[in-house]
Amino acid sequence: SRRPLTPSAANSLRQFSPFSKTPLLLLMPGAAATIERPTMTAREGSLEAPKRHPLDWKNPGFWDEAALNHELHRVFDICHGCRRCVSLCTAFPTLFDLVDNSPTLEMDGVKTEDYAQVVDQCYLCDLCFMTKCPYVPPHEWNLDFPHLMLRAKAVKYKKGGAKFRDKMLSSTDTLGKLATIPVVVQTVNALNKTPAARAVMDSVLGIHKERWLPEYTTQKFRGHAAPQAGFPIKNGERTPGKVALYATCYINYNEPGIGHDLLKILAHNEIPARLVEQEACCGMPKLELGDLDAVEQLKNVNIPKLAKLAREGYAILSAVPSCTLMFKQELPLMFPSDADVQAVAEAMWDPFEYLIARHKDNLLKTDFKHALGKVSYHIACHLRVQNIGQKTREMLQLVPQTTVNTVERCSGHDGTWGVKTEFFDNAMKIGKPVFKAMANNEPDYVSSDCAIAGRHIMQGMGAATKAQKQHPISLIRIAYGI
């Protein structure tokens, strides 16, 4: 049940009620607009699909700290009066604790400088916007909590508020290139498993000593991939008949096997495939840091090559949900008038979104040779918010004698957030319900579309589990027997 709005929240919201004649100030300063108000009754919430406004980051008002704090106060006051999202992550409990421990028990008792505590706890999973908040656009209160947090992170970054650690961890391409140099890669992997070295990393860099870290590969994916482009192109009603694979930093430098398995699946289904000619990081780590200028620089590297492929009729696949989301949603919202960005968004597919669409086009082989038994499958947040449905689960359920236990809840890792010393305990706390749910059916496999979340879940489940960790793409390759 939802508690009633507090007096302070009600007063704040009354400015934006259907009965007010005051124009509504939209999320971005300088974008004020008068909204047509309902003439009968106020809406408790919206039943319409969430609609996101472009991120107006080129507007000088976006960077106005006083305007930002005013909007933070407005949105926090509404959240305080609702509290529906309290179970999603630690950002909302942090906010509510600030209010409940304030002298007035309202937002007017919370110090402006304490707003940053809430911002730091948000890792931009987008679940509050897409699954919980009843006041997102087109509702007249116009809440976009994740993008407001992004704005706050961007203002902080512009002021020089990022640590060396954060800049380093978000430079995934640079870090991957350095860490995979011959000899260096063996040293890096050994140090990441050495307690003494991890203790130093914890105290000096703020990378938690207990966090399981991914190994770096000695054979990068892009240098060893063997896509097969010789099959005839068979376009379906729903799907292009040829694929270009955007490798991603993670698959290129950490788990190239996922990429190789995807290419094997495409070849087994006689789908001609190629790699994207040139690629850089998608920009999601920089976005989460608030370094929007770096996001634009990476966009300028990636989009020309991807747009050319999109216009040539390729389906562009990315096997990391955050990367897929970056091209489908975040870049189009940052650059809404860029035709190339929009073309890439239309051509970008999650691998299982593509494979299930091929199945519906009667162009996917289902000659699976091996059952998978019991699979505990976790849906990554950045896959859920793509609004494509549970395509990975659908694909796994095509495999005979396979039972899928689907867990649809945030694991709490989120890229680099759960690696950091100050957030590690919260990441493990958020993940506890997921760890328990994933272990419920004593699975043979633990799997997540987000490989990092999969590792985090295995760490949380502990030594008691006998399950193997496998990416869903690798599970399908195993089921095909290829």
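These numbers come from a predicted model, not from an experiment.
- Within a 6.0 Å sphere centred on NZ of K308, other residues, nucleotides and ligands contribute 12 heavy atoms or fewer.
- Contact check for R52 versus Q329: side-chain heavy atoms found under the 4.5 Å cut-off.
- Formation of a donor-acceptor pair under 3.5 Å by the T131 side chain with backbone atoms of C128 is not found in this model.
- Side-chain atoms of S102 never come within 3.5 Å of backbone atoms of V110 as a donor-acceptor pair (strictly under, hydrogens ignored).
- Between atom CG of residue L287 and atom CG of residue L325 there is a gap of 9.5 Å, rounded to the nearest 0.5 Å.
- Shortest non-hydrogen contact noted between I251 and F221 is O-CB, 3.6 Å.
- Taken to the nearest 0.5 Å, the CG atom of D340 stands 7.5 Å off from the CD1 atom of I303.
- Using modelled atom types, one side-chain atom of T104 and one backbone atom of E106 make a donor-acceptor pair closer than 3.5 Å.
- Taken from CZ in R83 to CD1 in I78, the straight-line distance is 14.0 Å, to the nearest 0.5 Å.
- In terms of modelled atom types and a separation under 3.5 Å, the side chain of Q219 and the main chain of P256 share no donor-acceptor contact.
- Separating the OG1 atom in T194 from the CG atom in N189 is a distance of 10.5 Å, to the nearest 0.5 Å.
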Verdict with reasoning, D425 to K429, per side chain to side chain contact (heavy atoms under 4.5 Å, CB included): CA-CA 6 Å; D425 288 340; K429 179 180 179 181; over 6 Å; no
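- Note that CG of D291 and CG of L289 are 6.0 Å apart. Values are rounded to the nearest 0.5 Å.
- No side-chain heavy atom of T172 sits under 4.5 Å from any side-chain heavy atom of Y250.
- The closest side-chain heavy-atom distance from L331 to M326 is below 4.5 Å.
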Step-by-step side chain to side chain contact (heavy atoms under 4.5 Å, CB included) determination, F145 to C79: CA-CA 9 Å; F145 190 93; C79 294; 3.9 Å; yes
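- Between the Y354 side chain and the P240 main chain, a donor and an acceptor come within less than 3.5 Å of each other.
- Side chains of S474 and D261: a donor on one and an acceptor on the other come within 3.5 Å.
- Taking the ring pair (Phe, Tyr, Trp, His ring centres under 6.0 Å) definition, one finds that H378 meets it with nothing, sequence neighbours left out.
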Could you tabulate the donor-acceptor pairs under 3.5 Å formed by side-chain atoms of residues 88-99, not counting sequence neighbours?
{"unit_1": "T90", "atom_1": "OG1", "unit_2": "Q121", "atom_2": "OE1", "d": "2.6"}
{"unit_1": "T94", "atom_1": "OG1", "unit_2": "T90", "atom_2": "O", "d": "2.6"}

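- For the pair Q386 and P321, the tightest heavy-atom approach, listed with the atom from each and the gap, is NE2-O, 3.4 Å.
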Residue pair K209, T421: steps toward the side-chain hydrogen bond (donor to acceptor under 3.5 Å, both in side chains) verdict: CA-CA 8 Å; K209 61 185 178 182; T421 298; over 6 Å; no
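- R198 places a side-chain N or O within donor-acceptor distance of the main-chain N or O of N192, the cut-off being under 3.5 Å.
- Look at E422 and R165 and you find a salt bridge, because one of the NZ, NE, NH1 or NH2 atoms lies within 4.0 Å of a carboxylate O, short of that distance.
- Contact of the D144 side chain with the L148 side chain is not registered, since no non-hydrogen atoms from C-beta on lie closer than 4.5 Å.
- If you check the side chains of H73 and Y115, you find a donor sitting under 3.5 Å from an acceptor.
- For K153 (side chain) and V119 (main-chain N/O), a donor-acceptor pair under 3.5 Å exists by modelled atom type.
- Remark: side-chain polar atoms of N142 are not paired, donor with acceptor, to backbone N or O of P137 under 3.5 angstrom.
- In summary, E71 and R151 do not engage in a salt bridge, as defined by a charged side-chain N under 4.0 Å from a carboxylate O.
- Counting heavy atoms from C-beta outward, L306 and E279 have side chains that stay 4.5 Å or more apart.
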R211 and H413: CA distance, side-chain angles, deciding distance, side chain to side chain contact (heavy atoms under 4.5 Å, CB included) verdict: CA-CA 10 Å; R211 166 57 67 205; H413 192 290; 3.6 Å; yes
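- Every salt bridge (charged side-chain N to carboxylate O under 4.0 Å, His left out) that K156 has, sequence neighbours left out, goes to D120.
- With 3.5 Å as the limit, one finds a donor-acceptor pair spanning the side chains of D449 and T392.
- In this structure, R84 contributes its side chain and K132 its backbone to a donor-acceptor pair below 3.5 Å.
- A pairwise comparison of heavy atoms in A247 and R222 identifies CB-CG, 3.9 Å as the closest pair.
- Electrostatic pairing of E408 and R393 does not count as a salt bridge here, judged by no charged N lying under 4.0 Å from a carboxylate O.
- Counted within 6.0 Å of CD on E312, heavy atoms from surrounding residues, nucleotides or ligands total more than 12; the atom is thus considered enclosed.
- When all heavy atoms are compared, the tightest approach of V434 to S411 is CG2-CA, 4.1 Å.
- Of all the heavy atoms in L275 and A225, the pair that sits closest is CD1-CB, 3.9 Å.
- We find that D126 and R384 are not joined by a salt bridge, their nearest charged nitrogen and carboxylate oxygen being 4.0 Å or further apart.
- Surrounding NZ of K193 are at most 12 heavy atoms belonging to other residues, nucleotides or ligands under 6.0 Å away.
- With a 4.5 Å cut-off on side-chain heavy atoms, E330 and M284 count as touching.
- F423 meets the ring pair (Phe, Tyr, Trp, His ring centres under 6.0 Å) test with W417; sequence neighbours excluded.
- Summarising the geometry of C125 relative to V385, their closest heavy-atom pair is O-CG1, 3.8 Å, with the distance given to 0.1 Å.
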CA sep, side-chain torsions, deciding dist, call: Y216, L175, side chain to side chain contact (heavy atoms under 4.5 Å, CB included): CA-CA 10 Å; Y216 284 95; L175 201 59; 3.6 Å; yes
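- In this structure, the separation between CE on M428 and CD1 on I430 is 11.0 Å, given to the nearest 0.5 Å.
- In E346, the CD atom is not crowded: 12 or fewer heavy atoms of neighbouring residues, nucleotides or ligands sit closer than 6.0 Å.
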Intermediate values then yes/no, salt bridge (charged side-chain N to carboxylate O under 4.0 Å, His left out), K328 and E353: CA-CA 13 Å; K328 278 187 175 185; E353 177 190 17; 2.8 Å; yes
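- Between L245 and P227, the closest side-chain pair of non-hydrogen atoms is not below 4.5 Å.
- Taking the six-membered ring where tryptophan is involved, the planes of F435 and H456 are perpendicular, since the angle between them exceeds 60° and thus also 30°.
- Shown here are the side chain to side chain donor-acceptor pair (under 3.5 Å) partners of Q228, two or more places apart in sequence or in another chain: there are none.
- Under the 4.5 Å side-chain criterion, counting only non-hydrogen atoms from C-beta, W349 is not in contact with V243.
- Considering only residues two or more places apart in sequence or on other chains, F335 meets the ring pair (Phe, Tyr, Trp, His ring centres under 6.0 Å) condition with W57.
- Ion pairing between a basic and an acidic side chain is recognised when a charged N comes within 4.0 Å of a carboxylate O; K420 and D166 show such pairing.
- In this structure, H382 contributes its side chain and L124 its backbone to a donor-acceptor pair below 3.5 Å.
- Under the 4.0 Å criterion applied to side-chain N and carboxylate O atoms, K286 and D293 are not assigned as salt-bridge partners.
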